[in-house]
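We name chains A, B, ... by the order of the sequence lines, and we start the count at 1 in each one. These values consider heavy atoms only, across backbone and side chains, with no hydrogens, waters or symmetry-generated copies.
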Amino acid sequence: MSKDKSAKIPTPQAVRGTQDMLGDFADRFAHVVDTFERVRRLYGYKRIEVPVIEPTAVFARSLGETTDVVSKEMYSFDDRGGESITLRPEFTAGIARAYITNGWQQFAPLKVATHGPLFRYERPQKGRYRQFHQLDAEVLGSDSPLADAELLVFADQLLKELGIAEGVTLTLNTLGDAASRDAWRAALVEHFEAHRGELSEDSLARLDKNPLRILDSKDPQDRPIADSAPDIDAFLTAEAQDFFGAVTSGLDAADVAWERNARLVRGLDYYRHTAFEFVTDRLGAQGTVLGGGRYDGLIEALGGPPTAAVGWAAGIERLAMLVADDVIDCRLDFVIAVEDDGQLKLAMKTLAALRNRGFASEIVASGSPRKRFDKAAKIPARALIAIGTRDGVSYTNMRGDSELTIVADQTIRAL
RNA sequence: GCGACCAUAGCUCAGUUGGUUAGAGCGCCGGUUUGUGGUACCGGAGGUCGCGGGUUCGAGCCCCGUUGGUCGCCCCA
């Protein structure tokens with residue numbers, strides 16, 4: 001091995017905001033995905049796969065060409081054919097595009113679920129990465145409030161099965177239909193204009209770009225003005241009111257706890273009616289664990305037919321961080337310590353036989369033979385098999401789960 | 001885009017007002033001890049102190065820059 005330091009090559013680093021996962025966290029991540037896959041079947045959501053890359057227009061059009069999100073926070077590049085391509089920053093727009101492209105209107109209402117990596121060029125912080133992963137569930141082509149309610153019950157059951165529902169609250173709001181929303185927005189602008197002098201600098205900028213966002217400002221200076229702003233309730237049409245009532249009574253019927261948050265908003269115009277977030281205070285500033293809402297205007301904005309739709313997404317990393325340590329059992333069934341290399345062949349045969357019978361098994365056969373037992377004992381497993389020779393006599397010792405040691409005994413005897 | 005804190009062995013960290021050859025625990029490798037045994041002891045490998053400049057007789061420590069990490073702001077599709 002050369003120790004010539006001048007020949008040292010620069011060590012590549014991981015791209016900023018990406019993560020490598022091993023062991024515990026990777027297990028928790030997989031546990032979240034497995035649980036999601038199981039629960040989405042219970043609700044009849046079809047598995048769907050959509051591309052990681054899309055034409056930039058798919059996201060630019062769905063997000064409104066000029067927003068900061070589009071201009072600064074997407075991973076976009078020109079491919080070799082000169083087409084502008086973007087790494088998906090969210091699932092919904094790509095799924096909406098697929099719905100149009102493939103004529104999935106024929107399957108409406110279509111319930112779909114997917115999960116995978118997403119990419120956003122943002123400053124990393126707790127629970128926020130540049131490559132991150134989400135679970136996603138959508139119902140396309142349904143204008144029924146029952147679809148909203150079902151998605152929420154689904155989400156609630158998922159969090160319960162993950163064991164993280166404790167300390168997570170479902171917060172719910174309605175943005176009304178287009179008429180309600182426009183009227184509310186006008187009233188908010190009027191209210192904030194009247195208090196222009198008291199607003200923070202950030203909120204003054206919001207007033208021009210995205211006035212609804214002042215409502216959930218974190219700046220204490222803004223809170224009195226935001227809190228005294230009118231709720232949407234006074235502006236809801238009768239239809240919008242009925243819709244929200246149907247969603248909440250659906251939740252009550254399914255015994256899903258929820259809280260009204262009249263300050264919960266969405267920035268983009270195609271969001272209608274239901275908006276919701278499951279929030280926690282256990283993840284620092286990134287409190288939203290699962291969020292979504294109804295986006296009846298999106299598919300039309302992408303050039304498709306007017307299509308009502310609703311969905312949610314949840315950050316897998318954030319969910320995985322909340323999963324309790326003891327939920328994940330990644331123990332092996334068996335670990336075999338080979339205390340004498342003369343018994344290696346028997347040990348290998350035993351190992352193969354156990355694995356063939358469906359038992360997760362590992363072998364320790366390297367390093368000092370005398371230390372292999374200790375090494376094996378440190379590997380998490382339900383049972384330990386020690387194979388060796390003492391005083392010229394071979395032995396097989398077992399300890400741990402008694403049912404498993406019986407199995408191992410039978411397996412070895414059968415060899 | 002803005003701010004704060006941080007970067008020393010594979011990992012977690014200590015390192016005094018700047019001063020000999022930079023340490024510990026864990027992990028890894030070897031040896032001894034124990035022998036139905038997860039013990040204890042001994043030894044070993046492993047560091048140009050993130051990187052690049054500067055100040056100084058002398059820098060892991062002070063200054064500037066840079067890269068990365070963490071947390072927060074902004075943004076949140």
Mate of B/C73 where both pairing distances stay under 3.5 Å, Watson-Crick or G-U: B/G1
Base of B/A77 paired with side chain of A/Arg120 (donor-acceptor, under 3.5 Å): yes
Sugar-phosphate only, base, or nothing, as touched by A/Asn210 at under 4.0 Å among non-hydrogen atoms: sugar-phosphate
A/Asn397 vs B/G35: side-chain N/O to OP1/OP2 distance below 4.0 Å: no
Distance, rounded to the nearest Å, where A/Phe132 contributes CZ and B/C75 contributes C1': 13 Å
Contact check, side chains of A/Arg120 and A/Phe132, non-hydrogen atoms, under 4.5 Å: yes
Rounded distance in Å - CD (A/Glu122) to C1' (B/U70): 17 Å
Under 4.0 angstrom between A/Arg206 side-chain N/O and B/C74 OP1 or OP2: yes
Side-chain heavy-atom pair A/Gln105, A/Leu110 within 4.5 angstrom cut-off: no
Whole-Å P distance, B/C5 and B/C41: 42 Å
A/Gln125 side chain near B/C71 phosphate (N/O to OP1/OP2, under 4.0 Å): no
Note, A/Leu199 side chain near A/Ile214 side chain (heavy atom, < 4.5 Å): yes
Beyond-backbone contact of A/Arg40 with A/Phe154, side-chain heavy atoms, under 4.5 angstrom: yes
Donor-acceptor pair present, A/Arg399 side chain and B/G38 base, under 3.5 Å: yes
B/G43 pairs with, by Watson-Crick or G-U criteria that keep both distances under 3.5 Å: B/C29
Residue matched to B/A7 through Watson-Crick or wobble contacts both under 3.5 angstrom: B/U67
Among B/G72, B/G35, B/C76, the nucleotide that comes nearest once only the side chain of A/Glu339 is considered: B/G35
Integer angstrom distance from the C1' of B/U17 to that of B/C28: 39 Å
Distance, P atom - from B/G3 to B/G65, rounded to whole angstrom: 11 Å
Touch class at under 4.0 angstrom, heavy-atom based, for A/Gln286 against every strand present: nothing
Out of B/C28, B/G72, B/U39, whichever nucleotide has its closest atom nearest the side chain of A/Asp374: B/U39
Polar side-chain contact A/Lys378-B/G27 base: donor and acceptor under 3.5 Å: no
Nearest-angstrom distance, P atom, B/C6 to B/G43: 37 Å
N/O (side chain, A/Arg390) to phosphate O (OP1/OP2, B/U36) under 4.0 Å: no
A/Gln19 CD to B/U70 P, straight-line distance once rounded to whole Å: 9 Å
Whole-Å distance separating the CG atom of A/Leu199 from the C1' atom of B/C74: 16 Å
Exercise: do A/Arg357 and A/Thr411 side chains pair donor with acceptor under 3.5 Å: yes
A/Lys371 NZ to B/G30 P, straight-line distance once rounded to whole Å: 7 Å
Value in whole Å for how far the P atom of B/C76 lies from CG of A/Asp202: 11 Å
Pair partner, B/A24 [Watson-Crick or wobble, under 3.5 Å]: B/U12
Neighbour count above 12 (heavy atom, 6.0 Å) for A/Glu198 CD: yes
A/Ser368 vs B/C29: side-chain N/O to OP1/OP2 distance below 4.0 Å: no
Face-on cation placement of A/Arg390 at A/Tyr395 ring, 6.0 Å and 45° thresholds: yes
Pairwise C1' distance, B/C62 and B/C49 [rounded to whole Å]: 15 Å
Nearest-nucleotide comparison on RNA chain B, the residue closer to the 5′ end among A/Phe119 and A/Ser366: A/Ser366
Mate of B/G19 where both pairing distances stay under 3.5 Å, Watson-Crick or G-U: B/C57
Options B/U34, B/A77, B/G38, nucleotide nearest the side-chain atoms of A/Leu268: B/A77
Between B/A4 and B/G46 - P atom distance, rounded Å: 41 Å
Spacing between A/Arg372 atom CZ and B/G38 atom C1', to the nearest angstrom: 17 Å
Under-4.0 Å salt bridge between A/Asp219 and A/Arg223: no
Inter-nucleotide C1' distance (B/G19, B/C29), Å rounded: 36 Å
Presence of donor-acceptor pair under 3.5 Å, side chain of A/Arg128 and base of B/C75: yes
Nearest-nucleotide 5' precedence on RNA chain B, A/Arg318 against A/Gly127: A/Gly127
Atom C1', compared across B/G58 and B/A22: separation rounded to whole Å: 16 Å
Closest listed nucleotide, where the reference is the side chain of A/Arg123 and the choices are B/G35, B/U70, B/G38: B/U70
Distance in angstrom units between A/Lys218 NZ and B/C73 P, rounded: 4 Å
Candidate nucleotides B/C76, B/G38, B/U34, ranked by approach to the side chain of A/Arg213 - the nearest: B/C76
